[in-house]
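A short write-up of the structure that comes next.
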There are 2 protein chains.
Amino acid sequence: MTWGRHGHGPRGYHHGNLKEALVRAALDLIAKKGPAGFTFAEAARWAGVSPAAPYRHFRDRDALLASVALQGFERFAAMLATAWNGGKPDPRRAFEELGKAYLAFARTEPAYYSAMFEAGIPLHSNPELLAASERAFAVLRSACETLITAMPARERPPVLMMALHIWAMSHGIASLFGRGDSARRALPMPPEELLEAALLIYLRGLGSSPA
Amino acid sequence: MTWGRHGHGPRGYHHGNLKEALVRAALDLIAKKGPAGFTFAEAARWAGVSPAAPYRHFRDRDALLASVALQGFERFAAMLATAWNGGKPDPRRAFEELGKAYLAFARTEPAYYSAMFEAGIPLHSNPELLAASERAFAVLRSACETLITAMPARERPPVLMMALHIWAMSHGIASLFGRGDSARRALPMPPEELLEAALLIYLRGLGSSPA
DNA sequence: GACCCATGTTAATATCATTTACACACGAGC
DNA sequence: GCTCGTGTGTAAATGATATTAACATGGGTC
């Protein structure tokens, strides 16, 4: 009962999958023209339905964007969790993988990333969205927790602070330098290395590394 | 020859200051409804001219946005330079002031900040804009240089890398947590403290701080 | 004092978001 | 098998927007 609907081939009066198709269409359009260039009507066209059809599934344009962001946060959390992999083989290496995964997501899924962080969607207006973003952040936080417990008690920073620092650094690098073609600035090194170096320095600053 | 033009009082056929008035109007509108909600027509209305008038001064909507961003980068650079103040009274303290100034700008001038970093304007399409952003970055970079020269030769990191790290961290905190009302997340501490702590840890990680 | 050009205006086109009234179709119940 | 109801689409209408083209104004120049 699920077609694919990319504009080819006829279909009945009912689409069968409009909601999902619209999310995918939004992704493609955002990827192509940025979150601002994305248009409700064009998403409908791409899904092969009339301009009014999307309103049966989303209250308005922002609701569709929020849906994209929600799915984005879910995949983001999953990708981060996979990279962290419970801290194996060892926390430090897993932590590096986590950082790489963060940038990889921003680079390979710029549309999701845009919807999540740049579309200006108020997280607080949507409990599901907020919860999904919390789940993604929780991965980072728990990774920090693991790293912290491996530190001498005297050096342990507040978990939340450390997690926020890591997140801010990752997000900063991702949004300033981490996008494929629309990178805001030329870099002397790939973003991954920049982040890796930052994490090393930061962790050393916490005192968790043998000089 | 410069009025104020806020919709009050008559004016002749010519405005006299349209270009500047439009930039200011754009600022107000962006502040009020985000860069996406800003509309060319509304800016014209606010300036008291017909919807077509702005086209005499800006190629299109994006050009106006770029103008706002340009002015933003200029003020940003000036504000950062003032905060850094040549590294006085001493580099470490001045560096902290620099960080605070970064966040203060994002908080007190969210409209500029949005136009500069979130409106999706391609820096490369506009040499002036690129140059202005370079000037702002140069302040940060030169501050890093000063701090680095004060470090033991053995510990000195690459200037550019350090500047990029600081910028990314500041930008990350500013965009994730640093906006007045639209803050994306509740924080256990003010953004300024979060950034200050991050900078301390980072600098310690570089080895520039006496343990 | 006539003219030019920068700067505004009006009018027109095309596209959007969004709403309302209407159409179809599949499934529940008979 | 038939009928009705609800979930999904469609068509048409409204009001706003971006952008362009043709026309208007008026201050400054020669």
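Convention: sequence-line order gives letters A, B, ...; per-chain numbering from 1.
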In residues 47-64 of chain B, what donor-acceptor pairs under 3.5 Å come from side-chain atoms, sequence neighbours left out?
from	atom 1	to	atom 2	distance (Å)
B:Asp60	OD1	B:Asp62	N	3.2
B:Asp60	OD1	B:Ala63	N	3.0
B:Arg61	NE	B:Phe38	O	3.4
B:Arg61	NH2	B:Pro35	O	3.3
B:Arg61	NH2	B:Phe38	O	2.9

Tabulated below should be each protein N or O lying under 3.5 Å from an N or O of nucleotides 4-6 of chain C; please produce it.
none

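- Separating the CG atom of A:Leu18 from the C1' atom of D:dT10 is a distance of 12 Å, rounded to the nearest angstrom.
- A:Glu109 meets the salt bridge (Lys or Arg N to Asp or Glu O under 4.0 Å) test with no other residue; sequence neighbours excluded.
- B:Glu192 meets the salt bridge (Lys or Arg N to Asp or Glu O under 4.0 Å) test with B:Arg107; sequence neighbours excluded.
- Spacing between atom NZ of B:Lys33 and atom P of D:dA16 amounts to 12 Å, rounded to whole angstrom units.
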Item checked: Trace of the salt bridge (Lys or Arg N to Asp or Glu O under 4.0 Å) decision for B:Arg93 with B:Glu96 -> CA-CA 5 Å; B:Arg93 202 161 298 279; B:Glu96 265 180 35; 5.0 Å; no
Less than 3.5 Å apart, which donor and acceptor atoms pair up between the side chains of residues 114-123 of chain A and the rest of the protein, not counting sequence neighbours?
from	atom 1	to	atom 2	distance (Å)
A:Ser114	OG	A:Pro110	O	3.1
A:Ser114	OG	A:Glu118	OE1	3.4
A:Glu118	OE1	A:Arg179	NH2	3.3
A:Glu118	OE2	A:Arg179	NH2	2.9

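- Across the protein-nucleic acid pair, B:Asn17 atom CG and C:dT7 atom P stand 11 Å apart, rounded to whole Å.
- Judged as a salt bridge (Lys or Arg N to Asp or Glu O under 4.0 Å), the pairs with a partner in residues 36-45 of chain A (not counting sequence neighbours) are, in order, A:Lys33-A:Glu42.
- Contact check of residues 34-41 of chain B against DNA chain D (heavy atom, cut-off under 4.0 Å) returns B:Thr39, B:Phe40, B:Ala41.
- Listed in residue order, the members of residues 52-65 of chain B having a heavy atom less than 4.0 Å from DNA chain C are B:Ala52, B:Ala53, B:Arg56, B:His57.
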Cut-off 3.5 Å, no hydrogens considered: what does the side-chain donor-acceptor table look like for residues 161-168 of chain B, sequence neighbours left out?
from	atom 1	to	atom 2	distance (Å)
B:His165	ND1	B:Tyr202	OH	2.6
B:His165	NE2	A:Leu194	O	2.7
B:His165	NE2	A:Ala198	N	3.4
B:Trp167	NE1	B:Tyr102	OH	2.9

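- By the side-chain contact (heavy atoms from CB on, under 4.5 Å) test, A:Ala111 is found to be paired with A:Leu27, A:Ile30, A:Ala31, residues two or more places apart in sequence or in another chain being considered.
- Rounded to whole angstrom, the span from the CD atom of A:Glu42 across to the P atom of D:dA18 amounts to 17 Å.
- Pairs passing the salt bridge (Lys or Arg N to Asp or Glu O under 4.0 Å) check and including a residue from residues 64-87 of chain A, sequence neighbours excluded, do not occur.
- Legend: residues meeting salt bridge (Lys or Arg N to Asp or Glu O under 4.0 Å) with B:Glu134, ordered by chain and number and at least two apart, are A:Arg185.
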